J.: 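My structure is below; once you've seen it, I'll send some questions.
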Amino acid sequence: MDFRHLKYFVAVAQERSFTRAAERLYISQPPLSRQIQQLEEELGLKLLDREARPLALTEAGRFFHARAVRMLEQLDETIAMTRRLSQVDRRLVIGFVPSTMYGALPRIARLFRARRPQVPLVLVEKTTVEQGEALKAGQIDVGFGRVRFDDPSLRREVLREEPLVLAIPTEHSLAGESGPVSLAQAAAFPQLVYPRKPRPSYADHILSLFRDQGLEPAEVQEVQEMQTALGLVAAGMGLCLVPASAQRLRRDEVVYRPLLESNATSPIIMSTRLNDQSEDIALLRELIDEVYRLQAVEKLEAERKSMPVLTGPRSSP
Ligand code: BEZ
């Protein structure tokens, strides 16, 4: 038995069809059937119920499938980490959800490229759920996402809880004021949420913020991307809760208001493979703290500049 047998069996188990699995594996069906038969002969038991439509797994097949998936993930991870250790394939691949591009990510990436010019940096857009899969498959080395999910083979750190703001069309009744608005006020109007899939996603996080307060938005429209959601807000189709950093996406037809609820936040979560101790990831983590420190200083500076200059009482001559 070798890894090819496992790969073939997992494809059949997931597709529930020899035809589709053969297509997915780019092979023809007869060798695929032979390999699965060999595997069953070696184990001395049946993994598939071939009478069932669609094809089903036996109890032993279900157990073997779960273990085979884990072994294949470990193999991918081992290959990625060995390559990295031997520096054959030294590069840092970051998966990110689009909204992090309006936060600290561009600055962190610029600093990384300046400090490690010899390490190619690759940035690929992925949802949080896709990041988990891509980390295990060795396709990315770090993920910056917004949805909490548990996976024992991944290390997860919440870097910060970013406040949310409500995006409102300029003509809307809620756009008249600039102070904080409540989730209850927002829920009275149609909400745009994203991404539509894969779930769980940022959309579920937003809907559960409403539901935690016993609120059900008047209407919910799901779209795939934040940009689309904000475009629809501009078109007057509804409101949308976005991370505060998205306010950088200035549009004449949209205004943003902060939320009254202090727990209306969205986490920025850094995920890596559990045992990946690469020095490039360590540097990236240091740079995140550095950027946060710089941002705090810049914020203080900006606040200081916008404060009215206090002139003291005139001293008598
Ligand atoms: C941030 O905006 O805090 C952030 C975004 C991506 C990576 C790290 C931090």
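Every number for a ligand or one of its atoms is a count from 1 in the order of the listing. This one's a predicted model, so the numbers in the text were calculated from it and none came from an experiment.
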J.: Please classify the Leu159 to ligand 1 contact at 4.0 Å (heavy-atom distances, strictly less than): side chain, backbone, both or neither.
T.: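 The answer is the side chain of Leu159.
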
J.: In plain terms, say whether Glu301 and Lys299 are close enough for a salt bridge, that is, a side-chain N and a carboxylate O under 4.0 Å apart.
T.: no

J.: Could you pull out the closest heavy-atom pair between Leu55 and Arg16, with the gap in Å?
T.: O-CD, 2.8 Å

J.: Is ligand 1 under 4.0 Å from a heavy atom in the side chain of Phe96, in the backbone, in both, or in neither?
T.: neither

J.: Provide the closest heavy-atom pair for Ala68 versus Val10 in the form atom of the first, atom of the second, distance.
T.: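 Ala68 and Val10 have their closest heavy atoms at CB-CG2, 3.7 Å.
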
J.: Looking at Pro106 and Thr100, what are the two nearest heavy atoms and their distance?
T.: CD-O, 4.0 Å

J.: So is Tyr102 in contact with ligand 1, going by heavy-atom distances below 4.0 Å?
T.: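 The answer is no: ligand 1 sits nowhere under 4.0 Å from a heavy atom of Tyr102.
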
J.: Which part of Ile268 is near ligand 1, with near meaning a heavy atom under 4.0 Å away: side chain, backbone, both or neither?
T.: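 The answer is the side chain of Ile268.
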
J.: Is Asp150 salt-bridged to Arg156, cutoff N-O under 4.0 Å?
T.: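 Here Asp150 pairs with Arg156 in a salt bridge, since their nearest N and O are under 4.0 Å apart.
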
J.: Could you report the tightest heavy-atom contact between Val147 and Tyr202, atom names first, then the distance?
T.: CG2-N, 3.6 Å

J.: Which of the numbered atoms in ligand 1 are under 4.0 angstrom from any heavy atom belonging to Gly103?
T.: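 So the atoms of ligand 1 that pass are 2 (O).
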
J.: Which of these, Thr100, Val291, Ile108, has its nearest heavy atom closest to atom 8 (C) of ligand 1?
T.: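 Looking at heavy atoms only, the winner is Ile108.
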
J.: Quick one: look up the protein heavy atom nearest atom 6 (C) of ligand 1 and list residue, atom name and how far away it is.
T.: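 Here the nearest protein heavy atom works out to Leu105 CB, 3.6 Å.
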
J.: Is Met270 touching ligand 1 with its side chain, its backbone, both, or neither, if touching means heavy atoms under 4.0 Å apart?
T.: neither

J.: Quick one: which of Arg115, Arg285, Gln295, Arg107 gives a side chain to side chain donor-acceptor pair (under 3.5 Å) with Glu290?
T.: Arg115

J.: Can you tell me which residue and heavy atom of the protein come closest to atom 9 (C) of ligand 1, and the distance to 0.1 Å?
T.: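 The closest one turns out to be Tyr292 OH, 3.4 Å.
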
